[in-house]
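Quick notes on the structure that follows.
Because only heavy atoms are used, hydrogens play no part in the values below, and waters and symmetry mates are left out as well, while side chains stay in.
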Amino acid sequence: IPLIAGILNLSRAEVHGVVSFYHDFRHHPPGHFVIEICRAESCQAMGAGPLIEHIRQRLGIDFGQTTADGNFTLEPVYCLGNCACSPAIAIAGELMGRVNAGKFDRLLSNLKDGQR
């Protein structure tokens with residue numbers, strides 16, 4: 001932040017305000033795969049809560065964290081625009097709907113095996 005502030009002739013507070021406001025700006029590089037989980041009302045109503053807990057336990061991380069191997073970063077989002085197919089997630093920008101624990105485990109296994 002100090003380097004960016006100096007280059008742009010801004011205060012560190014101004015740069016920090018922008019970096020902390022926009023979720024795509026990061027202090028550290030994300031994992032190879034960013035997993036975004038929708039937390040909006042439709043997904044919550046269709047089972048996102050238990051899915052989130054399953055994913056947290058499976059990966060051993062919480063929102064905003066990256067696995068120790070650098071493969072996965074977990075992020076909350078508040079709408080993926082896929083309400084008709086709730087609960088929805090996106091992995092590396094690829095949208096998936098009607099995700100449950102079993103489907104997530106299959107997706108994760110495919111990613112670890114190098115498939116998409």
By side chain to side chain contact (heavy atoms under 4.5 Å, CB included), H16 pairs with (sequence neighbours left out) I1, S20
What are the two closest non-hydrogen atoms of C79 and C38, and how far apart are they? CA-SG, 3.7 Å
Do you know the tightest heavy-atom contact between S86 and S42? OG-OG, 2.8 Å
Verify the neighbour count for atom CD of E53: are there more than 12 heavy atoms of other residues, nucleotides or ligands below 6.0 Å? yes
Evaluate the side-chain contact (heavy atoms from CB on, under 4.5 Å) criterion for residues I89 and L51: first the C-alpha distance (whole Å), next the side-chain angles of each, then the deciding distance (0.1 Å), finally the verdict. CA-CA 10 Å; I89 68 171; L51 176 63; 4.2 Å; yes
With sequence neighbours excluded, what pairs up with N9 under the side-chain hydrogen bond (donor to acceptor under 3.5 Å, both in side chains) test? none
Give a yes or no on whether V99 and V34 share a hydrophobic cluster (residues Ile, Leu, Val, Met, Phe, Trp, Tyr; joining criterion: side-chain heavy atoms under 4.5 Å apart). no
My understanding is that only residues two or more places apart in sequence, or in another chain, count here; which of them pass salt bridge (Lys or Arg N to Asp or Glu O under 4.0 Å) with E14? none
Are the side chain of K103 and the backbone N or O of G97 linked by a donor-acceptor pair below 3.5 Å? yes
Does the side-chain contact (heavy atoms from CB on, under 4.5 Å) test come out yes or no for L59 and I35, once each step is laid out? CA-CA 11 Å; L59 296 177; I35 300 171; 3.8 Å; yes
Of all residues at least two apart in sequence or in a different chain, which pass the side-chain hydrogen bond (donor to acceptor under 3.5 Å, both in side chains) check with Q44? none
Of all pairs that satisfy salt bridge (Lys or Arg N to Asp or Glu O under 4.0 Å), the ones with a partner from residues 61-71, not counting sequence neighbours: R56-D62
For V77 and E36 the tightest heavy-atom approach is CG1-OE2, 3.7 Å
Working to the nearest 0.5 Å, report the span between CD of Q65 and NE2 of H28. 11.5 Å
Say you draw a straight line from CG of L80 to SG of C85; how long is it, rounded to the nearest 0.5 Å? 11.5 Å
Is any side-chain heavy atom of I52 closer than 4.5 Å to a side-chain heavy atom of R39? yes
My understanding is that only residues two or more places apart in sequence, or in another chain, count here; which of them pass side chain to side chain contact (heavy atoms under 4.5 Å, CB included) with A5? R12, V15
Could you check if a side-chain atom of I91 sits within less than 4.5 angstrom of a side-chain atom of M96, using non-hydrogen atoms only? yes
If I compare all heavy atoms of R58 with all of F104, which pair ends up nearest, and what's the gap? CG-CE2, 4.3 Å
What residues, two or more places apart in sequence or in another chain, satisfy side-chain hydrogen bond (donor to acceptor under 3.5 Å, both in side chains) together with N100? none
State which residues pass side-chain hydrogen bond (donor to acceptor under 3.5 Å, both in side chains) with H54; sequence neighbours excluded, sorted by chain then number. D105
ring-ring contact (aromatic ring centres under 6.0 Å, His included) pairs touching residues 67-101, sequence neighbours excluded, are F33-F72
Can you name the side chain to side chain contact (heavy atoms under 4.5 Å, CB included) partners of T66, sequence neighbours left out? T73
Do L108 and I55 make a side-chain contact, defined as non-hydrogen atoms from C-beta onward lying under 4.5 Å apart? no
